[in-house]
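Quick caveat: nothing in here was measured; it's all calculated off a predicted structure. Values reported hereafter were calculated over all heavy atoms of this structure, with side chains retained and with hydrogens, waters and symmetry mates removed. Indexing begins at 1, ligand by ligand and atom by atom, following the structure's order.
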Amino acid sequence: MSVKQPNTIYLEDYQPPAWLISHTKLRFELEEEQTLVRAQLSIQSNPAARDKRMPLELFGDEGMELCRLSIDGQILEACDYQREAGYLRINNVPDTFVLECVTRLLPHENTTLEGLYKSDGMFCTQCEAEGFRRITFFPDRPDVMSVFSTTLVADKCLYPVLLSNGNPVDSGEDDDGRHWVTWDDPWPKPSYLFALVAGDLALLEDSFTTLSGREVALRIYAERKDLDKLDYAMQSLKNAMRWDEEVYGREYDLDIYMIVAVDFFNMGAMENKGLNIFNTSCVLAHPLTTTDQGFQRVEAVVAHEYFHNWSGNRVTCRDWFQLSLKEGFTVFRDAEFSADMNSRTVKRIEDVTLLRTAQFAEDSSPMAHPVRPESYMEISNFYTLTVYEKGAEVVRMLHTLLGAELFRQGSDLYFERHDGQAVTTDDFVAAMETVSGRDLTQFKRWYSQAGTPRLQVSDQYDARACEYRLTVRQSCPPSPGQDHKQPYHLPLALGLVAEDGTELYAGLLELTGEEQEFCFDNIKQCPVPSLLRGFSAPVKLEYDYSDAQLLMLLRHDTDGFNRWDAGQRLSIRLLQEQMQRYRDGQPMVCSEALIEAWRQLLNDTALDPAMLAQCLRLPSEAQLSELAEQIDVAAIHAAREFMRTSLAAALEQEWLQAYQRCDTNELYAPDADAVGRRSLKNLALAYLVATEREPWLALARQQYQQSDNMTDQLAAFALVAHSDDRETAEELLQAFYQQWQHESLVMNQWLSVQASDPRDGALERVVALAQHPVFDMRNPNKLRALIGAFCGQNAQHFHAEDGSGYAWLAGWILQLDQQNPQIAARLLTPLTRWKRYDPVRAGQMQVQLQRMMDTTELSADVYEVVSKSLM
Ligand code: B3K
Ligand code: ZN
């Protein structure tokens, strides 16, 4: 057993803060061996607090050394306060006072990457959710908002750039080679939005004129060697600023907007007020080193963090249970932005694929939780696909139910009502209720109930009466702590399509009951329903389509998303049939109808290449796993490989034509059309190589050598690296390494390609790579590239029946937990799914979970995930 069991925090226990901080003045003395932080907090008792005579309680990490504490200039002795695990308590304080506190930190030893730490020689911070308490003692909760003034003092040569939130208001130099800068942020903010950076950084500068004519300086900082990789982020930032003005009427509110790229970062990026800190992987982009996917991620994350300035910073969360208030809304906003910048349908397909694969799996796991969780041990464990992606789907449903115009009125009202406040998801929905006059009480179950709802649809057609009836039943499986679910209120977008593809009806239904019948008059032929168009609700839809109906929808549906989805449904069904044959020891077969349908698609040169590539991609092994009752790793892999190679061989000529059609020799640009062409080209190349015929591996090799961009180079590289032609493969692995060894982000790809190599001996290979000089276990990007890729993209080997993959992962987690608990808990995810596997594998996974549980010093992060998984 773990020595101490972490506390559980409950939403129902929320109390307003007893004390407020109107002003926070900070002074950081940054040195190589230590940092001294002097904090002056102007504190007042909160008139809205329930109990007026509360002692002052501040959060503060145990590892922080308290050097001095005073109230209104009077030094406090050790007997005047109590310091307990994570708290500082001072009894008998006046109603209004200034608390001064000096703490000593050791940033160079901070491997958690929370609070103040060093990344490649520069100082930086990460305070969300509870990192500020590692810097000083503070009511570190989002409903305490304060105006910050920050002075940084550091060696001028080592740290010429000193940044914090807001605007620089003063600076100077001392005689000893040190200099200082003071930053004031006029907007009250919670401590989680505090940031500082000190380093020797290069800068790309630009400017933006807001709608009302204010000039904003835009500055993106990075290491000097990366200065040529910042243009795309800058352009994305300007596009996002304009878009938020046009679509939401939101302007930026400071004179400077800064982004800093750091290499050691636990997640993608952080929306600190006026000073975003980014993982290099989400801001650096250059055609030679970044794939199309990488470019699109930069665009999306830059926009996401910018949009937080309103949805998150100006209006923030009352408590961390409300996390989706800012994250769900902001993901919805960035998804719409990306849809407007690129292809709307493709963006929707990508998002829904992620939801169906990973969020649905989370929903059926022991860590399942509602979009607004009810309790947590460690809030870092709740930055999840449910809070982010499903949260965004919930906002999208409001958008669908109200329509774009009312939704905009609702968001305007929300921002106006709550500007400068810390609020709840109920407040968000209330604004939507006010503008629409609708009662959204039932709709709010989306925030409180966990699990993926299931819609079962059946229909009847009466030819004589020209009447079509649709019956929809909804249900939702139990999830931890929630055995029975109430019906949801959801929008069901649908079309009715005739056998020849004519659209007979299109509209939006609203579902509220457990079972509802909808009747359509004047329907002159028996229709095929095109259900849940655009994926209008995050549910699992069941309707007994025939193959012919799916093929018809794939050909004719006017809803692009549902066209793709019809193809996916058909592929899934055929794959599941082959999985059964594989288990029964029967030969697998590839449907002629599917081959013909794909042939037609491939020959249809009018089709958008990006859409075509989506339609011709088989569902991933991860998605097939999510759909399985019990996950049969070998059957899934065998069936998918069989289908892939069959489709490769049957359509060889078509793949070659598609490849040639898209191989246009144009100059690289990351726009939607070019990205679409490259995605089809590289998909075609993958099918060609899958035929295992001689010329195609040579074609891949040729593409590798001739490409002028990382998208084409990496696609070809992965195909060759995974091939059985080991001589060529080893040669390319070496060449790629030689070419890119100094580009850390490219080396992550090099690691991932090898970690996901499905050939025999995969575990031995990743074990060896963990010793390679490019691997650094303190860097989260490297951990994700190697460990994350092996466990997530190499199911065959991670799930080896002898449990060796599980033991390897558990060993890493135990080691990482000492160093960086957030990352350790994150990498643990695959083991939490043990109940979905056969008894042998499930047993092996349990053994590893128990091994962790039996360890004495587990972090709260890992303890929460392991203990809930074993429940
Ligand atoms: N708000 C941050 C995430 C912080 C995660 C803390 N463990 C990035 C984002 O969602 O924009
Ligand atoms: Zn966010």
Side-chain angles (χ1 to χ4, degrees), residues 110 112-115 117 124-134 140-142 165 189-195 233 236-237 240 244 257 259-262 264-279 281-283 297-317 319-338 351 354 371 373 376-392 395 422 425 428 780 784 820-827 829 859-862 864-865:
N110 181 357
T112 64
L113 313 190
E114 246 201 312
Y117 66 94
C124 65
T125 52
Q126 172 53 38
C127 292
E128 185 177 0
E130 298 179 337
F132 195 72
R133 62 188 65 182
R134 293 168 175 271
D140 185 20
R141 42 185 285 173
N165 316 88
K189 65 169 175 287
S191 49
Y192 83 84
L193 289 173
F194 170 80
S236 303
L237 175 60
D244 212 19
Y257 190 87
I259 291 177
V260 180
V262 305
F264 285 65
F265 208 61
N266 280 344
M267 63 272 168
M270 178 62 212
E271 71 264 24
N272 315 302
K273 185 77 187 189
L275 177 56
N276 288 187
I277 297 181
F278 269 61
N279 188 322
S281 71
C282 293
V283 58
R297 181 150 171 79
V298 168
E299 180 181 60
V301 179
V302 166
H304 178 99
E305 305 312 331
Y306 175 74
F307 296 153
H308 267 316
N309 191 54
W310 275 95
S311 49
N313 300 5
R314 285 286 285 263
V315 181
T316 194
C317 302
D319 53 71
W320 291 119
F321 298 103
Q322 318 298 329
L323 182 57
S324 195
L325 174 77
K326 72 177 178 85
E327 296 305 347
F329 187 22
T330 306
V331 171
F332 171 70
R333 278 151 57 68
D334 85 57
E336 285 296 291
F337 167 74
S338 291
D351 289 350
L354 174 67
V371 170
Y376 60 78
M377 290 179 191
E378 172 50 62
I379 186 57
S380 300
N381 287 328
F382 288 80
Y383 285 75
T384 58
L385 289 149
T386 301
V387 166
Y388 275 66
E389 313 303 324
K390 185 176 179 183
V395 176
T425 55
F428 182 76
R784 285 184 279 258
N820 186 333
Q822 279 184 25
I823 293 295
R826 203 40 74 112
L827 289 172
T829 308
S859 66
D861 308 60
V862 170
E864 176 168 40
V865 180

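- Here's the thing with His304: one of its N/O atoms is less than 3.5 angstrom from an N/O atom of ligand 1.
- For ligand 1, the atoms lying closer than 4.0 Å to a non-hydrogen atom of His308 are 9 (C), 10 (O), 11 (O).
- Residue contact check: Glu271 has heavy atoms under 4.0 Å from atoms 1 (N), 2 (C), 8 (C), 9 (C), 11 (O) of ligand 1.
- For ligand 1, the polar-atom distance check against Tyr383 finds no nitrogen or oxygen pair separated by under 3.5 Å.
- Our summary of the site lists the angle at the Zn ion (ligand 2) between OE1 of Glu327 and NE2 of His308 as 100°, to the nearest 10 degrees.
- With a 4.5 Å cut-off on side-chain heavy atoms, Phe194 and Asn165 count as touching.
- Classification of the Tyr376-Phe382 ring pair by plane angle, with boundaries at 30° and 60°, yields tilted.
- For atom 8 (C) of ligand 1, the nearest non-hydrogen atom of the protein is Ala269 O, 2.9 Å.
- Classified by interplanar angle (parallel below 30°, tilted 30° to 60°, perpendicular above 60°), the ring pair Tyr306/Tyr257 is perpendicular.
- Distances from the Zn ion (ligand 2) show that Glu271 has no N/O/S atom below 2.8 Å.
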Inset, instruction - Apply side chain to side chain donor-acceptor pair (under 3.5 Å) to the pair Asn381 and Glu864, showing each step before the final yes or no. - result: CA-CA 8 Å; Asn381 287 328; Glu864 176 168 40; 2.9 Å; yes
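- The cationic atom of Arg333 (NZ for Lys, CZ for Arg) lies less than 6.0 Å from the six-membered ring centre of Phe329 and within 45° of the ring axis.
- Here the side chain of Asp861 pairs no donor or acceptor atom with the backbone of Ile823 at under 3.5 angstrom.
- For ligand 1, the atoms closer than 4.0 angstrom to any heavy atom of Glu128 are 1 (N), 2 (C), 3 (C), 4 (C), 6 (C), 7 (N).
- Note: no N/O pair closer than 3.5 Å links Gln126 and ligand 1 by distance alone.
- The single protein non-hydrogen atom nearest to atom 3 (C) of ligand 1 is Tyr388 OH, 3.5 Å, given as residue, atom name and distance.
- Of all heavy-atom pairs between Asn110 and Gly115, the closest is ND2-C, 4.4 Å.
- Proximity of Glu271 to Leu193: side-chain heavy atoms (C-beta onward) are separated by under 4.5 Å at one or more points.
- Comparing Glu114, Gln822, Arg826, Met270 against atom 7 (N) of ligand 1, the shortest heavy-atom distance belongs to Gln822.
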